[in-house]
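The sequence lines fix the lettering, A, B, ..., with proteins before strands; numbering per chain opens at 1.
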Protein chains: 4
Amino acid sequence: MTAAMELVAENGFHGAPMAMVAERAGVSVGTIYRYFETKDDLIVETYADLERRIYSCMLEKFPDKRPIRDKFLHIAKTLLLYCISRPMDYKFLEQFHHSPYGTAHKRERVFGKKCDSIVWKLFQEAMVEGIVEDLPLVVLLELAFSPVLAMARDHILGFVELDEEMIGRAVEGCWRAIAR
Amino acid sequence: MTAAMELVAENGFHGAPMAMVAERAGVSVGTIYRYFETKDDLIVETYADLERRIYSCMLEKFPDKRPIRDKFLHIAKTLLLYCISRPMDYKFLEQFHHSPYGTAHKRERVFGKKCDSIVWKLFQEAMVEGIVEDLPLVVLLELAFSPVLAMARDHILGFVELDEEMIGRAVEGCWRAIAR
Amino acid sequence: MTAAMELVAENGFHGAPMAMVAERAGVSVGTIYRYFETKDDLIVETYADLERRIYSCMLEKFPDKRPIRDKFLHIAKTLLLYCISRPMDYKFLEQFHHSPYGTAHKRERVFGKKCDSIVWKLFQEAMVEGIVEDLPLVVLLELAFSPVLAMARDHILGFVELDEEMIGRAVEGCWRAIAR
Amino acid sequence: MTAAMELVAENGFHGAPMAMVAERAGVSVGTIYRYFETKDDLIVETYADLERRIYSCMLEKFPDKRPIRDKFLHIAKTLLLYCISRPMDYKFLEQFHHSPYGTAHKRERVFGKKCDSIVWKLFQEAMVEGIVEDLPLVVLLELAFSPVLAMARDHILGFVELDEEMIGRAVEGCWRAIAR
DNA sequence: GATGAATGAGCGTTCATTCAT
DNA sequence: GATGAATGAACGCTCATTCAT
């Protein structure tokens, strides 16, 4: 999965042929197919793994007792820092999100109401308490997080050099975008 | 180029073989290669064309005499409405942005200082006047526009049903994100 | 199609990879796919072609005015001689018949009542006239023709050396098998 | 061997990968290779086993004291009934006969003069007594038995519904084909 | 200038066979 | 003796690109 992630990150799905994944992983092609039914399967599982890692990262030092705003800032900052510190992970994430895989995955999230992640829980709590704008959850999530990922991308590609202070101010901007 | 855009929008770059583009365009493959050196060339020119169309759309009814805030709201709304009304165009845009083409294109923009578009001009004006946060231009642009495109995507994929009123409130959120 | 037939005849369907067919035909793989959608398609069309050739062979010097018995003997002899004189054709035929292709093809024949060939017409005429045993058409066909093909096979593989005289006596045996 | 036979019968040699055979047999792939040197070896031995079962079936109630005609009718009927009652066995037989395995096997039979089976003995006796046509043994065998197997196939594939009476009349046809 | 047949490297996937455990 | 993970050559098929017509 590491090999797959790196190659997809570097060259996109098309630039990650199974033979190359195998070579980088130091195994034969056949071996991959012992653990993953298809290339799609490999990609999807790799993504699930990555998502799990990110969520577990967010849970570290999570400000349980603090107001919702602080929780959001923690999550957004953590996400941004994670992406910046692991460019491969971010780039894979991006490829995944803007592919049929990602669309299907999100569709399941949105319509399946799989609101089990801390992010979704936090936002629903915020909506109930009325401290964020009265907009659909999906819209709030985009207002809040799409800049985070976009900034990570710009940093990784060298379009900006983000530092802790700027990150702090930026995610506060994200909060203002949704806060009532 | 229309044929290419539609096919890329529907199926991604891989789902748009030159033969299929030719067929949809009602010409032969050879003819495409007379006007575009490579497939990449076709894609890049198609994107340039699309970008031009979007900018010209923004210039319609542009509130020249109004404050910067209004100008921004006009631009953001126009962009969102354009994407929503032309899903193919949006989807092509998305494919392009998250591909090596898009990265190269943006790199040229950022480092080439090709700040000729109304958007870049507007933001530089806003920075000079100090009415937006003191953050790098690139960061401001992401805070302001990445949610717009993300929302367009969600609407097109059916994850939300945006109406004029929601769009207005959402782009105001975008403004708050960057405004001092 | 000739290349495909030869290779299938020599090595079976598995021994006839598209790359090898292409090589023997003196074209590239891609070229085959311009004329045949899939390998299956190539095989099926090759068979149809062969069948047409055999039927047209049977029509030569067809004893129109003679009794049914003579017509049958002509057909059976022609088939046997054709197979013997074109071992590749026979071997391809055999491979085809004993494969899913052949089963599907026969199913269509039997249930689709596609009784347009001279053979089916002849047998139905014979059944109506009551000069053959009162058995299902399918059974009569097997009694009459399966030995013909089996003998062709044995000759081609060198298990017997058939001559005109033996062939005559053998197909008379086939006739006795079905004649009342 | 049972697992191999079933899978080959159902899907042909290609549809019977060793891993699948192993799984169906409830053993590991390695274990198969302990008892059979290669896949070919497994197939050939499985065939030999089947052939033995069929011969032993023919010997049951064999009309030792009756004329040759009755012996033939018994053998042919038994073969047909065996195939019909065990479609898997028949289908494996068919796959085998029309493959390189089958050709090699028959070649050995014909040229090795391995005439030990009751069938070969019966026919040689009949030839010596002059009660069958004066044709090569191989030809007589095809005239007599190829329709039997072909009919079994048609029955199994649902092209005819054979009953005891029809079977009786059909094998009498086979006898007439060879009888002087 | 336009055509589209031809090319062939490359892709995802399979499977007979091996061998360390 | 039994296991099953590992191997990698081979397969059917695709598609960007070329070039004779």
- Least distance between heavy atoms, F92(D) atom then A9(D) atom: N-CB, 4.0 Å

- Minimum heavy-atom separation for T46(C) to L42(C), with atom names? OG1-O, 2.6 Å

- Between T31(D) and K39(C), name the one whose nearest nucleotide on DNA chain F is closer to the 5' end. T31(D)

- Query: salt bridge (Lys or Arg N to Asp or Glu O under 4.0 Å): which pairs involve residues 9-18 of chain A, sequence neighbours left out?
  - Reply: E10(A)-R24(A)

- Item | Close approaches to DNA chain F from residues 94-105 of chain D, in residue order (heavy atom, under 4.0 Å) | none

- Query: Any side-chain heavy atom of K106(B) within less than 4.5 Å of one from D154(A)?
  - Reply: yes

- Message: If I take atom NZ from residue K91(A) and atom CG from residue L7(A), how far apart are they, to the nearest 0.5 angstrom?
- Response: 12.5 Å

- Applying side-chain hydrogen bond (donor to acceptor under 3.5 Å, both in side chains), name anything that partners T103(A), two or more places apart in sequence or on another chain. R153(B)

- What is the distance, rounded to the nearest whole Å, between atom CD1 of I43(C) and atom P of dC13(F)? 10 Å

- side-chain contact (heavy atoms from CB on, under 4.5 Å) partners for E51(A), two or more places apart: Y47(A), Y55(A), H105(A), R109(A)

- Query: Mind checking what makes side-chain contact (heavy atoms from CB on, under 4.5 Å) contact with L79(D), not counting sequence neighbours?
  - Reply: I54(D), M58(D), C83(D), F145(D), V148(D), L149(D)

- At their closest point, which heavy atom of Y33(D) faces which heavy atom of T38(D), and how far apart are they? CE2-CA, 4.1 Å

- ring pair (Phe, Tyr, Trp, His ring centres under 6.0 Å) with Y101(A): which residues, sequence neighbours excluded? F13(A), F96(A)

- Message: Counting only heavy atoms and a strict 4.0 angstrom limit, can you tell me which residues of residues 16-30 of chain C come near DNA chain E?
- Response: V27(C), S28(C), G30(C)

- Identify all stems in which DNA chain E takes part, counting only runs of at least 3 consecutive pairs (Watson-Crick or G-U wobble, each distance under 3.5 Å), and give each as one range with another, ordered by first number. E:2-21 with F:2-21

- Rounded distance in Å - CG (N11(C)) to P (dC11(F)): 11 Å

- Atom CZ of F13(B) to atom P of dA16(F): distance rounded to whole Å? 12 Å

- Task: Give Y35(A) one of three labels, base, sugar-phosphate or nothing, depending on what nucleic acid heavy atoms sit under 4.0 Å from its own.
- Result: sugar-phosphate

- Message: Restricting to salt bridge (Lys or Arg N to Asp or Glu O under 4.0 Å), what partner residues turn up for R34(D), sequence neighbours left out?
- Response: none

- Report the residues that fulfil side-chain hydrogen bond (donor to acceptor under 3.5 Å, both in side chains) with S85(B), sequence neighbours left out, ordered by chain and then residue number. none

- Item | Whole angstrom value for the distance that separates C1' of dC15(F) from CZ of R34(C) | 11 Å

- What are the 5'-most and 3'-most nucleotides of DNA chain E lying under 4.0 Å from any heavy atom of chain D? dC15(E) to dT18(E)

- Query: Can you name the side-chain hydrogen bond (donor to acceptor under 3.5 Å, both in side chains) partners of H98(C), sequence neighbours left out?
  - Reply: E94(D), H98(D)

